[in-house]
Amino acid sequence: MKGSAKPGFARGVAALLGGMGWLLKTPTAWPWAAVPFLVAIALVGGLGALTYVYVPGLVAARWGGDDAWYAAAGLFFVQVVAVLSGWIASVLVGLGLAQPLSGPALERLVRDQERALGLPARAPTRLLVDVWRSLQSLLVGYAWGLPSLALLFVLSLAVPAAAPVLVPLKLAVTAAMVAWDFCDYPLSVRGVPVGARVTILRQHFRALLGFGLGLALASLVPLLLFALLPVGVVGATRLVHEFTAYEPGAGDENV
């Protein structure tokens with residue numbers, strides 16, 4: 001039986017802002033909120049440092065023993081390129097792993113926000129379960145989001161005149177991917193199966209789009225996205241609570 005009015009675009013935006021407000025006035029949540037950013041910095045910095053220390057020596061070991069000046073110059077150039085390539089790879093790998101590795105902290109924020117909303121406490125889960133849930137969310141979102149973005153990219157190259165239509169579509173797909181990623185945390189904590197999560201979020205696509213739009217714009221700046229991860233997770237918890245207020249039982253376990 002449906003309860004309150006169905007959340008729309010404006011409620012999605014309000015949930016994001018509400019999550020930001022709750023975090024700002026809840027100091028006990030700040031240590032958990034800092035985890036994704038600190039993990040990203042540690043991974044990127046650590047991998048980058050390993051690249052700087054070991055890659056030049058590995059390149060030199062394979063280069064050969066010619067002492068001519070041009071050989072030395074060539075070796076230096078290749079070492080610089082290899083280190084820069086390694087740093088780029090470090091950023092990609094570090095940012096890619098930071099979110100799933102921060103899963104336990106983000107799910108702690110979900111539970112804290114649910115408690116603040118007056119919802120019953122949920123049973124804690126093991127560390128590996130939290131990490132796997134976060135990784136699963138990324139994989140599901142990428143499985144449909146990346147092919148959609150690739151198709152829109154190809155269409156924009158093939159039909160440049162369609163840019164006024166394709167650009168908003170790209171933004172909408174990106175917003176939906178980001179919103180799915182964040183809303184998956186509270187739904188996962190509730191024990192909702194993946195198929196049911198997809199159904200719930202599809203039924204509330206307008207609210208999802210409003211919520212994800214701001215986060216999608218922020219995701220264009222990688223490190224800013226990790227600073228906003230806690231805001232998104234808390235906001236998503238508030239939004240999922242509104243979904244269940246509209247349709248009680250929709251976000252319960254084993255739906």
Side-chain angles (χ1 to χ4, degrees), residues 11-47 91 93-138 141 174-175 177-190 197 201 207-208 210-243 251:
R11 294 308 306 162
V13 177
L16 178 61
L17 296 176
M20 182 182 298
W22 181 82
L23 272 178
L24 289 175
K25 64 182 183 182
T26 311
T28 55
W30 294 351
W32 301 108
V35 169
F37 187 76
L38 295 177
V39 170
I41 293 297
L43 285 172
V44 173
L47 292 172
V91 171
V93 172
L95 297 183
L97 292 176
Q99 184 174 346
L101 291 178
S102 303
L106 296 175
E107 294 203 7
R108 171 62 183 265
L109 289 175
V110 170
R111 291 186 169 89
D112 288 351
Q113 175 65 102
E114 285 190 335
R115 187 164 51 249
L117 292 171
L119 299 176
R122 305 186 189 279
T125 54
R126 291 173 297 175
L127 174 64
L128 291 179
V129 173
D130 286 341
V131 172
W132 169 244
R133 283 174 173 175
S134 183
L135 182 59
Q136 185 183 46
S137 171
L138 285 175
T174 304
M177 285 179 62
V178 174
W180 155 265
D181 194 20
F182 286 110
C183 287
D184 193 65
Y185 281 98
L187 290 172
S188 176
V189 168
R190 291 167 180 245
R197 297 177 214 172
L201 299 183
L208 200 69
F211 174 76
L213 194 58
L215 290 171
L217 294 175
S219 70
L220 298 176
V221 183
L223 290 181
L224 180 59
L225 173 62
F226 285 95
L228 291 177
L229 264 175
V231 174
V233 168
V234 173
T237 305
R238 300 171 73 93
L239 189 59
V240 167
H241 178 56
E242 293 203 26
F243 294 164

Engineer: Check Pro36 against Ala98 and note the closest heavy-atom contact, atom names and distance.
Structural biologist: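 Nearest pair, atom of Pro36 first, then Ala98: O-CB, 4.3 Å.
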Engineer: Quick one, Thr237 and Phe182 - any side-chain contact, counting heavy atoms below 4.5 Å?
Structural biologist: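 Side-chain contact under 4.5 Å: no.
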Engineer: Which atoms form the tightest heavy-atom contact between Pro230 and Leu109, and what is the distance?
Structural biologist: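 In terms of heavy atoms, the two residues are closest at CB-CD1, 3.6 Å.
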Engineer: Looking at side-chain heavy atoms only, is the closest gap between Asp112 and Thr26 below 4.5 Å?
Structural biologist: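 No; the side chains remain at least 4.5 Å from each other.
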Engineer: Ala33 and Leu23: which non-hydrogen atoms are nearest, and at how many Å?
Structural biologist: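 Nearest pair, atom of Ala33 first, then Leu23: CB-CD2, 4.3 Å.
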Engineer: Is the shortest side-chain heavy-atom distance between Leu213 and Val13 below 4.5 Å?
Structural biologist: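 They are not in side-chain contact.
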Engineer: Locate the shortest heavy-atom distance separating Ala15 from Leu239; write the atom from each residue and the value.
Structural biologist: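 Closest heavy-atom pair between Ala15 and Leu239: CB-CB, 3.8 Å.
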Engineer: Are Arg238 and Glu242 packed together at the side-chain level, in the sense that at least one heavy-atom pair is separated by less than 4.5 angstrom?
Structural biologist: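 Not in contact.
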Engineer: Report yes if some heavy atom in the side chain of Leu208 is under 4.5 Å from a heavy atom in the side chain of Cys183; otherwise report no.
Structural biologist: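 Of all side-chain heavy-atom pairs linking Cys183 with Leu208, at least one is under 4.5 Å.
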Engineer: Check whether any side-chain heavy atom of Leu43 sits under 4.5 Å from a side-chain heavy atom of Val93, and report yes or no.
Structural biologist: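 SC-SC contact between Leu43 and Val93 ruled out.
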Engineer: Looking only at non-hydrogen atoms, find the nearest pair between Ala116 and Trp22 and report the distance.
Structural biologist: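 In this case the closest contact between Ala116 and Trp22 is CB-NE1, 3.5 Å.
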Engineer: Just by modelled atom types, is the Glu107 backbone N or O under 3.5 Å from a matching donor or acceptor in the Trp32 side chain?
Structural biologist: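 Not a single qualifying donor-acceptor pair exists.
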Engineer: Which atom pair, heavy atoms only, marks the closest approach of Phe211 to Ala179?
Structural biologist: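 What the structure gives for the nearest pair is CD2-CB, 3.9 Å.
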Engineer: Would a 4.5 Å heavy-atom cut-off, applied to side chains only, mark Gln113 and Leu117 as touching?
Structural biologist: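 Side-chain contact under 4.5 Å: yes.
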Engineer: Would you say the side chain of Glu114 lies within less than 4.5 Å of the side chain of Val110, judging by non-hydrogen atoms?
Structural biologist: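 In short, these two side chains touch, coming nearer than 4.5 Å.
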